[in-house]
Enquirer: 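Can you read through this structure? Questions will come right after.
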Amino acid sequence: MGIKVGSGHLKGDNIEDLMKLIGPNFALINPKSVCGQVHLSQAATLADKAHLGKYNFSKDRSTELLLYLTAQRQISKAIKIAGLSSSSKEVAWASFSEVPKELSLLIESDDSLVSKVNFDYSSHGINDDNLTLDRKQKIIMTRTASLPVQSR
């Protein structure tokens, strides 16, 4: 089936209906915590590989994705950084199995929401204006990829 990722705007005001879709193989993410489509895809792939290789930190792929995406080891911190709130109007998502059919009823697809251009690099301590956006994104993605090898 393969991993699928995307992002979009909430069609209505009821985020609770969208939140009901969250499960072990489907994650909803604050798009501001994503540094481009490639970052989201990389984090999802790494989370999937962690589960396949049995070196995962969490029991669900959807939670594992948040850990990789935020380069955190604590689930509560990852959720605080990349989780949605009741006031969220935009979402990113990743599916490790079939994409829920209701998703297209609840969000209007917009891949521009996850962007290396609009990403807040300062939240990761990257404040050097001399670095290109591509370089900054590579730094974020290296941190994402290094999660399983960080000392505990």
Side-chain angles (χ1 to χ4, degrees), residues 1-8 10 15-85 88 90-104 106-107 109-128 131-152:
M1 175 122 272
I3 298 167
K4 293 181 184 63
V5 298
S7 57
L10 193 61
I15 193 155
E16 281 73 32
D17 288 342
L18 188 61
M19 299 285 252
K20 290 176 188 171
L21 301 179
I22 296 173
N25 291 309
F26 185 76
L28 292 173
I29 304 131
N30 179 340
K32 289 177 176 44
S33 66
V34 182
C35 187
Q37 286 284 347
V38 68
H39 180 221
L40 182 55
S41 294
Q42 176 201 36
T45 300
L46 291 170
D48 192 48
K49 286 183 178 185
H51 274 259
L52 293 172
K54 307 233 184 293
Y55 54 90
N56 48 301
F57 292 106
S58 78
K59 64 181 175 76
D60 297 338
R61 281 175 170 81
S62 57
T63 307
E64 193 79 15
L65 165 71
L66 295 180
L67 294 172
Y68 274 94
L69 198 58
T70 61
Q72 294 291 320
R73 288 181 169 277
Q74 288 186 318
I75 293 170
S76 59
K77 280 187 180 178
I79 291 171
K80 187 175 182 181
I81 294 167
L84 298 179
S85 72
S88 295
E90 302 167 337
V91 299
W93 57 269
S95 181
F96 296 93
S97 59
E98 212 169 299
V99 176
K101 291 173 182 45
E102 303 88 350
L103 186 65
S104 63
L106 299 170
I107 68 163
S109 185
D110 182 353
D111 289 339
S112 72
L113 291 178
V114 291
S115 162
K116 66 182 177 185
V117 175
N118 298 323
F119 187 75
D120 178 13
Y121 293 94
S122 66
S123 68
H124 291 264
I126 303 171
N127 301 310
D128 188 341
L131 294 174
T132 65
L133 285 178
D134 285 341
R135 184 76 186 117
K136 289 178 181 180
Q137 184 183 45
K138 284 181 182 164
I139 293 168
I140 296 297
M141 291 180 64
T142 299
R143 290 179 183 170
T144 300
S146 69
L147 180 66
V149 295
Q150 294 171 3
S151 62
R152 290 183 186 237

Enquirer: Please answer whether the main-chain N or O of Ser58 pairs with a side-chain N or O of Glu64 as donor and acceptor at a distance below 3.5 Å.
Expert: yes
Enquirer: Are any non-hydrogen side-chain atoms of Trp93 and Lys4 less than 4.5 angstrom apart?
Expert: yes
Enquirer: Which heavy atom of Ala50 sits nearest a heavy atom of Tyr68, and at what distance?
Expert: CB-OH, 3.7 Å
Enquirer: With a 4.5 Å cut-off on side-chain heavy atoms, are Asp120 and Ser123 touching?
Expert: yes
Enquirer: Where do Asp48 and Arg61 land on the side chain to side chain contact (heavy atoms under 4.5 Å, CB included) test, with the steps shown first?
Expert: CA-CA 6 Å; Asp48 192 48; Arg61 281 175 170 81; 2.6 Å; yes
Enquirer: Which atom pair, heavy atoms only, marks the closest approach of Gly36 to Gln137?
Expert: CA-NE2, 4.0 Å
Enquirer: Kindly say whether the aromatic ring centers of His51 and Phe96 come within a distance under 6.0 Å.
Expert: no
Enquirer: How many angstroms lie between CG in Leu131 and CD1 in Ile139, if you round to the nearest 0.5 Å?
Expert: 5.0 Å
Enquirer: Under a 4.0 Å N-O cut-off, is there an ion pair linking Glu90 with Lys32?
Expert: yes
Enquirer: With side chain to side chain contact (heavy atoms under 4.5 Å, CB included) as the test, would you mind laying out the steps for Tyr121 and Leu133 before giving the verdict?
Expert: CA-CA 10 Å; Tyr121 293 94; Leu133 285 178; 3.9 Å; yes
Enquirer: Assess the residue pair Asn25 and Ser95 against the criterion (side chain to side chain contact (heavy atoms under 4.5 Å, CB included)); give the C-alpha distance rounded to whole Å, side-chain angles, the decisive distance to 0.1 Å, and a yes or no.
Expert: CA-CA 6 Å; Asn25 291 309; Ser95 181; 5.8 Å; no
Enquirer: Is there side-chain contact between Leu84 and Ile22, with at least one heavy-atom pair below 4.5 Å?
Expert: no
Enquirer: Side chains of Lys116 and Val34: closer than 4.5 Å at any heavy-atom pair?
Expert: no
Enquirer: Is a side-chain N or O of Thr132 found less than 3.5 angstrom from the main chain of Arg135, in a donor-acceptor match?
Expert: yes
Enquirer: Taking all non-hydrogen atoms of both residues, which atom of Leu21 and which atom of Leu106 are closest, and how far apart?
Expert: CD1-CD1, 4.0 Å
Enquirer: Of all the heavy-atom pairs spanning Ala78 and Leu67, show the shortest one and how long it is.
Expert: CB-CD2, 3.9 Å
Enquirer: Taking Arg143 for the side chain and His124 for the main chain, is one N or O donor matched with an acceptor at less than 3.5 Å?
Expert: yes
Enquirer: Give me the atom names and distance for the closest heavy-atom approach of Ser7 to Asp111.
Expert: OG-CA, 3.4 Å
Enquirer: Can you tell if the side chain of Pro31 reaches within under 4.5 Å of the side chain of Ile29, non-hydrogen atoms only?
Expert: no
Enquirer: Would Ser62 and Asp60 count as having a side-chain donor-acceptor pair, cut-off 3.5 Å?
Expert: no
Enquirer: Do Phe26 and Ser97 make a side-chain contact, defined as non-hydrogen atoms from C-beta onward lying under 4.5 Å apart?
Expert: no
Enquirer: Nearest 0.5 Å, please: how far is CG in Leu69 from CE in Met141?
Expert: 10.5 Å
Enquirer: Given side chains that start at C-beta, do those of Lys136 and Cys35 come closer than 4.5 Å, heavy atoms only?
Expert: no
Enquirer: Are the side chains of His39 and Ile140 in contact, using a 4.5 Å heavy-atom criterion?
Expert: yes
Enquirer: With a 3.5 Å cut-off and no angle check, do the side chains of Asp110 and Ser112 form a donor-acceptor pair?
Expert: yes
Enquirer: Would you name the heavy atoms of Ile81 and Ser33 that are closest together and state the gap between them?
Expert: O-CB, 3.9 Å
Enquirer: Could you go through the side chain to side chain contact (heavy atoms under 4.5 Å, CB included) check for Val91 and Leu113 one step at a time?
Expert: CA-CA 8 Å; Val91 299; Leu113 291 178; over 6 Å; no
